[in-house]
Amino acid sequence: MKKIYVAVFTFVLGFTLLGFAQDTSSGASSSTDKKVAKAEKKEAKAASKGKEMRLTGWVKEEGGKDVFVNDKDKQTWDIANQDAVKGHEGHHVKVKAKLDESSHSITIDKLTMMKKSKQGDEMKSKS
């Protein structure tokens, strides 16, 4: 009888440990992937129609030129009119811009700095 109890206990303990060992991050990852796909689809649609979009992201310097990194899908866009972002390197901004999918660039019509409280730590936007 003791052998049966030990076997059942071992069996239950084994399945309990297997339950804890499962990777639960895949659910959150697929949710994020859907949001990114939706953002990319919206950008592509606006670009194909030549419409302006409002985007939020960071202005960064890469390879001697400024680029825009979108918050939603983390895509990096070349900035066609570099003078529009002069002095905003490293800032979190909102832009009204036209996207060009063929050259993967944006032409910024309007740039607004985010409030100081929204500037925060750049690392927060990456996670």
* Asked: Would you find a donor on one side and an acceptor on the other, under 3.5 Å apart, between the side chain of Glu89 and the backbone of Gly87?
  -> yes
* Okay, side chain of Asn81, backbone of Ile108: is any donor-acceptor separation there less than 3.5 Å? -> yes
* To do: Quick one: do Lys42 and Met53 satisfy side chain to side chain contact (heavy atoms under 4.5 Å, CB included)? Show the steps, please.
  => CA-CA 9 Å; Lys42 187 176 181 180; Met53 277 196 76; 4.0 Å; yes
Can you sort out the partners of [X] under side chain to side chain contact (heavy atoms under 4.5 Å, CB included), two or more places apart, ordered by chain and number?
| X | value |
| --- | --- |
| Lys98 | Glu52, Asp109 |
| Val69 | Lys60, Thr76 |
| Lys110 | Lys96, Thr112 |
| Ser102 | Asp100 |

* Spacing of Met113 atom CE and Lys115 atom NZ [to the nearest 0.5 Å] -> 13.0 Å
* Structure fact -> Tested for side-chain contact (heavy atoms from CB on, under 4.5 Å) against Val95, the lone hit among Leu55, Thr56, Thr107 is Leu55
* Establish whether Phe68 and Val85 are linked, either directly or via other cluster members, by ILVMFWY side-chain heavy-atom contacts under 4.5 Å. => yes
* Do Leu111 and Val67 belong to the same hydrophobic cluster, where Ile, Leu, Val, Met, Phe, Trp and Tyr are linked whenever their side-chain heavy atoms lie under 4.5 Å apart, directly or via other members? -> no
* Please step through side chain to side chain contact (heavy atoms under 4.5 Å, CB included) for the pair Lys72 and Glu43, ending with a clear verdict. => CA-CA 11 Å; Lys72 287 203 179 203; Glu43 290 168 2; 5.6 Å; no
* To do: Flag the pair His104 / Trp77 as yes when their ring centroid distance falls below 6.0 Å, and as no otherwise.
  => yes
* Quick one: closest heavy-atom pair of Ala97 and Ile106, and the distance? => CB-CB, 4.2 Å
* Gln82 and Ile79: which non-hydrogen atoms are nearest, and at how many Å? -> NE2-O, 2.8 Å
* Does a donor on one side chain sit under 3.5 Å from an acceptor on the other, for Asp66 and His88? -> no
* Got a sec, which hydrophobics cluster with Val8, joining ILVMFWY side chains under 4.5 Å apart, including via others? -> Ile4, Val12
* Identify, with sequence neighbours excluded, every residue that meets salt bridge (Lys or Arg N to Asp or Glu O under 4.0 Å) alongside Lys65. => Asp78
